[in-house]
Structures are given as C-alpha cells and as structure tokens.
Amino acid sequence: MSEKLVESDAPVKGSAVPMVKAEGVHKSFGPVEVLKGIDLEVRTGEVFCLIGPSGSGKSTFLRCINHLEKINAGRLYVDGELVGYRQKGDKLYELKDSEVALKRRDIGMVFQRFNLFPHMTAVENVMEAPVQVKGASKAQARERAMQLLERVGLGDKAGNYPSQLSGGQQQRVAIARALAMDPKLMLFDEPTSALDPELVGDVLDVMRDLAESGMTMVVVTHEMGFAREVGDSLVFMDGGVVVESGDPRQVLTDPQHERTKSFLSKVL
Amino acid sequence: MTVDIDKTTGPADTPPAGPEAIKAIPVRHYGRYVSAVVALALLGGIVYAFSQGKINWGTIPDYFFDDRILSGVGKTLLLTVLAMAIGIVGGILLAVMRLSKNPVTSSIAWFYIWFFRGTPVLVQLIVWFNLGLVFEYINLGPFYKDEWSDFMTPFLTALLGLGLNEAAYMAEICRAGLLSVDEGQTEASHALGMSHAKTLRRIVVPQAMRVIVPPTGNEVINMLKTTSLVSVVQYPELLRAAQDIGQTSGAPAEMLFLAAAWYLLLTSVFSIGQYYLERYYAKGSTRQLPPTPWQKVKANMLSLGRPKGGMA
C-alpha cells in the first residue's frame with residue numbers, strides 16, 4: 001500500500017481558512033446538555049484527534065460537523081461556510097434538506113458500526129453514492145470503486161456482501177465508500193472500537209496512508225498510539241467541554257490538566 | 001443446488017469415527033398413537049355425520065366447473081389482485097407519510113389509518129355502495145362526467161371498498177418494515193449526500209422488504225377470503241355465484257360447500273406461492289443457506305426409507 005490513497009491537490013497544512021472552525025458550540029438532547037461550548041480549529045490537511053471518556057460529547061461534536069445533529073448555540077464552519085444555516089445580515093436561515101445534502105458530499109464519514117448497506121456487495125456499496133448523487137456512469141463508478149477497494153487491500157472482495165466480510169474488512173470498505181465521493185474532509189467516529197484487536201491494525205494502516213496523502217481528518221478514537229504517531233493536533237474532551245488541547249505527543253506524555261492525567265493513566 | 005446435495009449426503013453417510021456409535025432404544029411415545037387414534041375416530045365421526053345429513057353431495061361435482069362458478073372464481077381472483085395492488089401501493093405511501101417529518105402528511109396518514117382500520121370492512125362496503133345518496137354526479141371537468149350510480153359500478157364499489165381498507169393495514173405492515181431498518185443505514189446514506197427520497201428508495205425499502213413480505217402474503221390470503229363480503233354489493237364473485245345457483249337449483253347448502261372447497265383450493269395455491277416468495281427474499285438476506293423446500297425434505301425422507309437422525 002505504498003501508493004497514495006487519494007490524488008490530492010496537496011493542500012498546504014495550516015492554510016488561511018481552517019477546514020473546521022467551532023465557536024462556542026452548544027448541543028442539547030432535551031434537558032441534557034452534551035456540548036457546553038466547544039471552541040476549536042481544524043487546519044486544512046491535518047489529522048485532528050478527539051479523545052475522551054464515553055459521554056464526553058466527542059462523537060456528538062463529530063456528528064455536528066456534517067449536520068447529522070443540529071447545534072443549539074454557537075457557530076460551526078466547514079471550509080469557511082456555516083454548517084446547516086445561511087447567514088444574511090444578522091439573520092440565520094435554515095438550509096433546505098437538498099442544500100445540506102449538497103454540503104455533505106464533500107464530507108466523508110466513517111462510523112463505529114460500519115453501516116455498510118447489507119443488500120449490496122462491497123463494490124456496489126462504494127459505487128452507490130457516486131452513481132446516485134453525482135450522476136456518474138455505472139462503468140466509471142465501478143472502475144473507480146475497484147481502484148479504491150484495491151487501495152484498501154480488498155480488490156479480491158469486491159463481489160462479497162458485507163455479511164461475508166470481517167469487521168476490519170467491512171470498515172475498510174466503508175472508508176473506500178466515503179472516499180468515492182472525493183471528500184475534502186473525512187470524519188472518523190471511533191472507527192476501530194467495534195473491531196477485534198487483531199483487525200484494528202489493517203484499518204489504522206489505511207487511515208495512516210490517507211493521512212500521508214494529505215487528507216484533512218477528524219478522528220474520534222481510543223487508539224492513543226495512532227493519535228501519537230499520526231495526529232497533528234489532539235483535543236481531550238470531558239463533560240461537553242475541551243479540557244486540554246495541543247500537540248498529541250506533548251498532551252499524551254505530559255498532560256497538564258488533572259482530569260487528562262487520570263483519564264490517560266487508565267487508558268495508556 | 002449442488003451444494004445442498006453435497007451437504008445432505010456428505011456427513012450423514014459417514015459414521016462418526018472413534019468410539020463405538022451409541023445404539024440405544026428410543027423413548028416410546030405411546031401417547032402419540034393413542035391421540036392419533038382418537039383424532040381419527042373423531043374425524044371419522046364428523047365425516048359420517050355429514051354424509052348422513054340432508055345434503056345432496058352429488059350436486060357439488062355437477063356444478064364444480066359450472067361456467068357461473070368459474071366466472072365467479074375469476075372475478076374473485078381479479079378482485080383479490082387489484083385490491084391488493086391498491087392496498088400495497090397505498091400502504092407504502094401511507095407508511096412513508098406517517099413516518100414523514102412533515103406534520104401535515106403524517107396527520108393525514110394517521111387519520112386515514114384511524115378511520116379505515118376503525119370501521120368494519122362490511123360497513124365500509126355498504127357505505128361505498130350508498131354513496132350515491134351524497135354525490136349525485138361525478139364531474140372531473142373535461143375528462144369525465146356521469147351520474148354517480150352509473151360511475152360506481154358494483155365492481156368499483158367492491159374494489160375501492162376492499163383496496164382502501166387494505167391500504168390502512170398494509171400501511172402498518174410497511175411502517176413496521178421501514179422501522180426495522182437500522183437508523184445507521186439512513187445516517188450513512190445521508191452522510192454520503194443522498195437525499196431523503198433516494199435514501200428511502202435505494203437503501204431503506206429494499207431492506208424493509210424482508211420484514212414486509214411475509215405478513216403481506218398473509219394479507220393476500222386474507223383478502224381472497226374477504227372478497228366474499230362483496231356479495232352484499234351485488235358483485236357476482238364466487239360466493240355470490242354459488243348462492244345464485246343455490247337459489248335456482250334448489251341446493252343452497254350444497255353450493256356453500258362448493259364455494260368453501262373453492263376457497264380452500266385457492267388459499268392453498270396462494271400459500272404455496274407465499275412460501276416460495278419468502279424463500280426468494282430470504283436468499284437476499286444475511287442467511288447463508290436458503291431453507292430447503294418442503295418437498296425436498298419429504299423426498300429425501302422417502303428415498304432414504306428411514307429418516308436418519310429423526311428429531312421427532
């Protein structure tokens with residue numbers, strides 16, 4: 001897998017407009033406030049890791065980025081554009097479903113539970129969005145899907161249904177499926193948490209390759225090794241707020257905050 | 001299919017290696033013999049009672065393939081198929097409306113289901129039949145204009161009455177099917193930029209079919225029997241045809257038995273069809289081995305003389 005996963009336009013790390021920018025993002029589910037004011041910036045081309053205990057709001061925040069969840073307060077920008085709303089003067093207008101869908105094309109997402117379409121083969125899973133959303137021809141989409149499956153090491157499994165694949169293979173198909181839309185940003189929601197320990201490595205290898213190709217990635221993970229090795233920035237979240245952030249190697253080895261220390265002492 | 005043959009013959013013919021196979025005397029189920037004898041005796045008694053009754057059984061074969069009966073069978077089948085078609089299409093629409101975020105459409109669907117499920121089909125049929133009291137004319141602008149009584153033929157009354165009622169039931173079956181699909185599927189599809197409509201059509205509905213098909217087969221069989229109700233709106237389906245013959249030939253009870261035999265025959269054919277339809281959809285699901293057909297099991301048992309490893 002020496003070949004690059006994506007022929008990127010080689011975005012410059014830390015270019016002027018951040019890929020994701022959050023300003024005081026709040027999110028409540030009924031009476032429960034899950035996000036209590038998140039401020040952060042993800043620069044273009046960087047691998048941004050989100051860690052923290054379960055219930056800390058890291059997955060919720062990730063889902064806000066592609067508007068699977070609506071935020072209640074604050075501002076969230078992707079590539080300089082407001083997520084889910086349009087601003088005219090000082091008024092906010094909700095975007096139509098079709099406009100939200102249009103923006104989601106550019107944001108790939110990989111789920112903890114893979115969420116492959118079980119009634120389609122691996123290659124059909126990867127082809128689906130390019131054909132249905134972008135109107136690509138089937139032949140074109142199939143060719144591209146085969147390339148992507150080849151690159152995640154599953155060229156020989158193209159005709160298999162998800163139920164005939166292992167968890168790690170399913171997750172790699174899911175990554176290929178997200179890449180088929182040529183996203184400018186990839187979101188990973190605990191991509192290895194549902195996998196047997198043995199299979200985690202294959203998925204992380206694919207993600208590492210993707211990072212090297214210059215893809216901007218926001219990764220919610222419990223894989224501290226991956227965060228330290230591949231991550232450019234790291235944020236530790238707890239109780240709906242950012243507790244500590246900085247260079248992964250620094251935060252993981254020399255945490256400043258008490259809460260970070262106790263969390264890391266349990267997971268490392 | 002060759003895979004199946006390999007699997008059934010392979011392991012069974014080779015005795016377990018290693019320690020001596022167990023040869024034990026199986027538990028005797030004397031209760032089964034006794035209950036079988038009792039059941040057969042009861043059945044014999046009932047058959048005898050009916051054969052001695054004042055029923056002229058000879059007339060049934062005389063009329064079994066009578067033209068009027070066959071035309072009634074044809075109309076019953078036509079009504080079943082068309083009413084189910086209305087029911088399925090309407091049901092899918094109503095289920096999608098019911099699950100929609102739009103409060104207007106979901107309320108309309110709720111109201112429809114509330115009304116059509118909450119009143120008896122027979123009453124609905126009679127209401128459709130008497131709708132001429134409310135509407136004197138039907139006027140669809142330049143397309144169609146007629147007196148209501150000419151427009152609302154017995155066939156249309158029967159079709160609308162059964163079909164619209166069925167749609168309410170199918171709506172609940174379809175809704176159950178749509179809800180059975182994991183929410184992660186919708187999320188994954190939305191995350192890829194697919195619209196609600198495409199998500200529904202390409203991702204959710206195909207997976208919901210597995211849940212929808214078996215109860216729908218059930219509904220078809222139910223519908224076949226329920227068509228007998230439309231005899232009240234003067235539509236000459238099977239029961240009506242049998243009753244008409246019964247009145248003119250002086251054998252009313254015999255014709256009812258004849259109709260019952262036909263219904264049983266038709267539902268049996270549909271049941272077999274349903275079995276194969278379910279098997280077809282099971283193939284697409286996660287199950288690796290489709291269930292072998294009943295005939296195959298039967299044939300296997302017969303050809304081997306003794307059922308091996310009988311689980312009874």
Side-chain angles (χ1 to χ4, degrees), chain A residues 59 62-63 65-69 96-121 124-135 160-165 170-171 173-174 176-183 185-189 194, chain B residues 3 7 92 96-106 174 176-214 216 277-291:
Chain A
S59 282
L62 196 74
R63 293 159 58 82
I65 296 176
N66 66 354
H67 207 50
L68 283 179
E69 306 287 355
K96 283 186 280 184
D97 287 343
S98 55
E99 293 170 307
V100 173
L102 197 66
K103 294 205 169 173
R104 283 186 182 137
R105 289 182 184 195
D106 296 335
I107 307 173
M109 186 159 190
V110 175
F111 298 86
Q112 185 180 352
R113 303 230 41 106
F114 329 135
N115 295 347
L116 288 182
F117 306 133
H119 57 301
M120 299 179 185
T121 60
E124 285 167 351
N125 263 280
V126 182
M127 287 164 62
E128 182 66 11
V131 171
Q132 295 297 326
V133 180
K134 282 189 169 171
N160 287 32
Y161 284 92
S163 61
Q164 298 163 326
L165 299 172
Q170 287 190 52
Q171 193 61 296
V173 174
R177 179 176 71 176
L179 289 177
M181 290 297 283
D182 297 314
L185 169 65
M186 285 283 285
L187 308 176
F188 291 85
D189 188 4
Chain B
V3 181
K7 289 217 165 143
I92 292 172
V96 170
M97 284 168 72
R98 182 86 200 273
L99 293 172
S100 149
K101 281 190 294 183
N102 182 334
V104 179
T105 52
S106 78
C174 294
L178 295 177
L179 287 176
S180 75
V181 178
D182 183 42
E183 218 185 325
Q185 294 290 309
T186 313
E187 277 182 3
S189 172
H190 283 169
L192 285 166
M194 285 170 77
S195 65
H196 284 306
K198 282 227 168 93
T199 300
L200 205 59
R201 194 162 54 80
R202 298 282 311 170
I203 309 300
V204 178
V205 169
Q207 294 182 58
M209 285 310 282
R210 238 168 56 214
V211 174
I212 293 174
V213 166
T216 303
L277 194 66
E278 276 177 37
R279 203 162 150 265
Y280 170 79
Y281 275 101
K283 260 187 211 165
S285 81
T286 47
R287 286 243 178 102
Q288 289 190 315
L289 291 170

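Proteins get letters first, then strands, A, B, ... in listed order; numbering begins at 1 in each.
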Just wondering, do [Y] and [X] contact through their side chains at under 4.5 Å, heavy atoms?
X      : Y      : answer
A/R104 : B/L192 : no
A/N115 : B/E183 : no
B/M194 : A/E128 : yes
B/R202 : A/M120 : yes
B/S189 : A/F117 : yes

Taking [X] for its side chain and [Y] for its backbone only, find out whether a donor-acceptor pair lies under 3.5 Å.
X      : Y      : answer
B/Q185 : A/L116 : yes
A/H67  : B/A191 : no
B/K198 : A/V133 : no

- Message: Which heavy atom of B/A188 sits nearest to which heavy atom of A/F111, and what is that distance?
- Response: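 Shortest heavy-atom separation between B/A188 and A/F111 comes out as CA-CE1, 3.6 Å.
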
- Note on the structure: Looking only at heavy atoms, the pair that brings B/I203 and A/H119 closest together is O-CE1, 3.6 Å

- Task: Measure A/R63 against the heavy atoms of chain B and call it side chain, backbone, both or neither at under 4.5 Å.
- Result: side chain

- Message: Less than 4.5 Å to any heavy atom of chain B: does that hold for the side chain of A/I107, its backbone, both, or neither?
- Response: backbone

- Query: Can you tell me how far the NZ atom of B/K101 sits from the CG atom of A/D97, to the nearest 0.5 Å?
  - Reply: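 Taking NZ in B/K101 and CG in A/D97, the distance rounds to 4.5 Å.
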
- Query: Among A/R113, A/K103, A/R177, who wins on heavy-atom pairs under 4.5 Å with chain B?
  - Reply: A/R177

